[in-house]
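Per chain, numbering begins at 1; letters A, B, ... match sequence-line order.
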Protein chains: 2
Amino acid sequence: MSKKKGDKKAKSGKKKELEGLSATDLAPAITQAARSMRTALSRSLGESGLYAGQDGVILILAEEDGMTPGQLAIRLGVKAPTMTRTIGRMEAQGFLERRADGTDGRLTKVHLTEAGLRTVEQIGRSVSECGSIAAKGLSDKEIRTLLKLLKTIEQNLQSEPSDDRG
Amino acid sequence: MSKKKGDKKAKSGKKKELEGLSATDLAPAITQAARSMRTALSRSLGESGLYAGQDGVILILAEEDGMTPGQLAIRLGVKAPTMTRTIGRMEAQGFLERRADGTDGRLTKVHLTEAGLRTVEQIGRSVSECGSIAAKGLSDKEIRTLLKLLKTIEQNLQSEPSDDRG
DNA sequence: CGCACCGAATTAAATTGTTTATTTAAAGTT
DNA sequence: AACTTTAAATAAACAATTTAATTCGGTGCG
């Protein structure tokens with residue numbers, strides 16, 4: 001870092017060199033885009049009786065049944081307590097069920113129920129459709145670029161856990 | 001019924017023509033990226049005593065004081081009840097205050113307090129810093145591309161509020 | 001003037017998400 | 001074998017977000 005200029009505050013300048021300004025807009029931009037996506041997905045998912053955030057659990061379980069809450073949390077990029085509660089809700093809703101692991105008493109295995117299995121296709125459709133709507137007008141290349149950039153910034157953010165130095 | 005090609009599973013194919021597959025990955029990708037961003041921003045904002053979601057309110061108010069909750073909601077892309085609640089918390093925290101509009105009894109004007117004003121700079125720094133961290137390694141052009149794509153998908157999603165026609 | 005309608009704000013209820021702390025079981029150490 | 005440490009799941013507390021329903025002031029019509 002610091003190999004170039006423009007790393008300073010530049011608080012006094014309201015010029016046109018908005019190099020830093022772009023980065024400033026990044027957080028709001030992605031926040032709002034994600035909010036729109038979540039809302040759209042939520043609406044589409046509602047037909048299956050699911051909430052945004054639950055779809056990923058079912059989709060992953062459909063690929064590999066019997067994962068533990070911790071594994072699911074990692075796969076979905078959320079914290080373990082979030083997964084625990086989401087699983088609890090979904091279990092109450094009848095989409096999945098917990099089973100104790102016979103070998104390791106600490107582990108909980110999560111399995112799709114029949115009802116859960118029945119939602120898989122519809123969820124896939126919702127997620128896919130939402131993505132298509134969002135990507136309307138974008139070329140295939142642009143979509144891939146977007147995905148790549150998204151992954152990059154995610155990795156950047158996660159590799160910098162706590163940088164509270166001034 | 002109007003859908004046609006690309007609706008297949010194609011789960012077995014790992015080829016390069018993943019046109020539909022890209023769009024399918026869009027929702028999860030942006031969701032997780034936004035989650036990372038939110039977490040990072042939340043951590044940085046914590047020093048100011050704020051939570052992610054509150055920053056925008058202060059920043060907008062710093063530009064134009066006395067906006068109504070509804071206006072703030074639109075500007076920030078959230079629904080009115082969200083804004084009401086956030087404003088309530090922030091008022092309790094002492095960052096802003098509500099004042100009734102003398103002319104129109106239905107309106108509430110939101111004003112920054114001195115404490116709120118004092119946080120403006122720090123918030124701007126946090127948001128900017130977060131964006132910079134997220135954008136590390138990306139060229140200026142890439143960042144602008146990302147911003148443009150983000151805006152596009154946001155508009156796409158919002159112009160299609162509830163079109164579940166088949 | 002009274003009643004219907006609209007619009008802004010709020011309340012209510014549901015969920016995801018985070019951090020911090022607690023329980024419980026496995027593993028490691030002495 | 002008893003104690004300590006670690007790991008997984010969970011519980012509790014706090015915040016954001018949404019939709020649906022409610023309150024309340026303004027406006028319009030009869």
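Residue contacts shown for Arg85(B) include a base, since a base heavy atom lies under 4.0 Å away. Contact annotation for Thr31(A): no contact, since no heavy-atom pair falls under 4.0 Å across all strands. Base contact: Thr82(B) has a heavy atom under 4.0 Å from a base atom.
Here the options are Asp104(A), Asp65(A), Asp101(A), the test is salt bridge (charged side-chain N to carboxylate O under 4.0 Å, His left out), and the partner is Lys109(A); only Asp101(A) passes.
Of the inter-residue distances, the one linking Leu112(B) atom CG with Arg118(B) atom CZ reads 11.5 Å to the nearest 0.5 angstrom.
Of the possible donor and acceptor atoms, one in the side chain of Thr113(A) sits under 3.5 Å from a partner among the backbone N and O of Phe95(A). Remark: the backbone N or O of Lys136(B) is paired with a side-chain donor or acceptor of Asn156(A) at under 3.5 angstrom. No donor-acceptor distance shorter than 3.5 angstrom exists from the side chain of Ser44(A) to the backbone of Ala40(A), with no hydrogens or angles considered.
Positionally, the nearest nucleotide of DNA chain D for Arg98(A) lies more toward the 5' end than for the other of Gly77(B) and Arg98(A). In terms of position on DNA chain C, the residue among Thr103(A) and Thr84(B) whose nearest nucleotide sits closer to the 5' end is Thr84(B). Residue Ala52(A) is the one, among Ala52(A) and Gly102(A), whose nearest nucleotide of DNA chain C lies closer to the 5' end (criterion: closest heavy atom).
Rounding to whole angstrom units, CZ of residue Arg38(B) and C1' of dT17(D) are separated by 9 Å. One can place CG of Asp104(B) at 7 Å from P of dT27(D), the figure rounded to the nearest angstrom. Rounded to whole angstrom, the span from the CE atom of Met90(B) across to the C1' atom of dC14(D) amounts to 16 Å. Atom P of nucleotide dA9(C) and atom CG of Leu96(B) are separated by 14 Å, given to the nearest angstrom. Atom CE in Met37(A) sits about 15 Å away from atom P in dG17(C), given to the nearest Å. Going from atom CZ of Arg89(B) over to atom P of dT18(C) covers 17 Å, rounded to whole Å. With rounding to whole Å, Leu76(B) atom CG is found 11 Å from dT18(D) atom P. Computed from coordinates, the Met83(B) CE to dA15(D) P distance equals 16 Å when rounded to whole Å.
Gln54(B) places none of its side-chain heavy atoms less than 4.5 Å from the side chain of Ile123(B).
Legend: salt bridge (Lys or Arg N to Asp or Glu O under 4.0 Å) pairs involving residues 147-156 of chain B, not counting sequence neighbours, sorted by first then second residue: Glu142(A)-Lys148(B).
When distances run from any side-chain atom of Ala80(B) to the nucleotides dT18(C), dT15(C), dT10(C), the shortest one goes to dT10(C). If you check dG17(C), dT16(C), dT18(D) against the side chain of Arg35(B), the one that comes closest is dG17(C). Comparing atom distances between the Gln54(B) side chain and each of dA15(D), dT15(C), dT18(C) picks out dA15(D) as nearest. Nearest to the side chain of Lys79(B), among dT18(D), dT16(C), dT10(D), sits dT18(D).
Not counting sequence neighbours, the partners of Thr39(A) by the side-chain contact (heavy atoms from CB on, under 4.5 Å) test are Arg43(A).
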N/O contacts under 3.5 Å, protein versus nucleotides 5-8 of chain D?
none

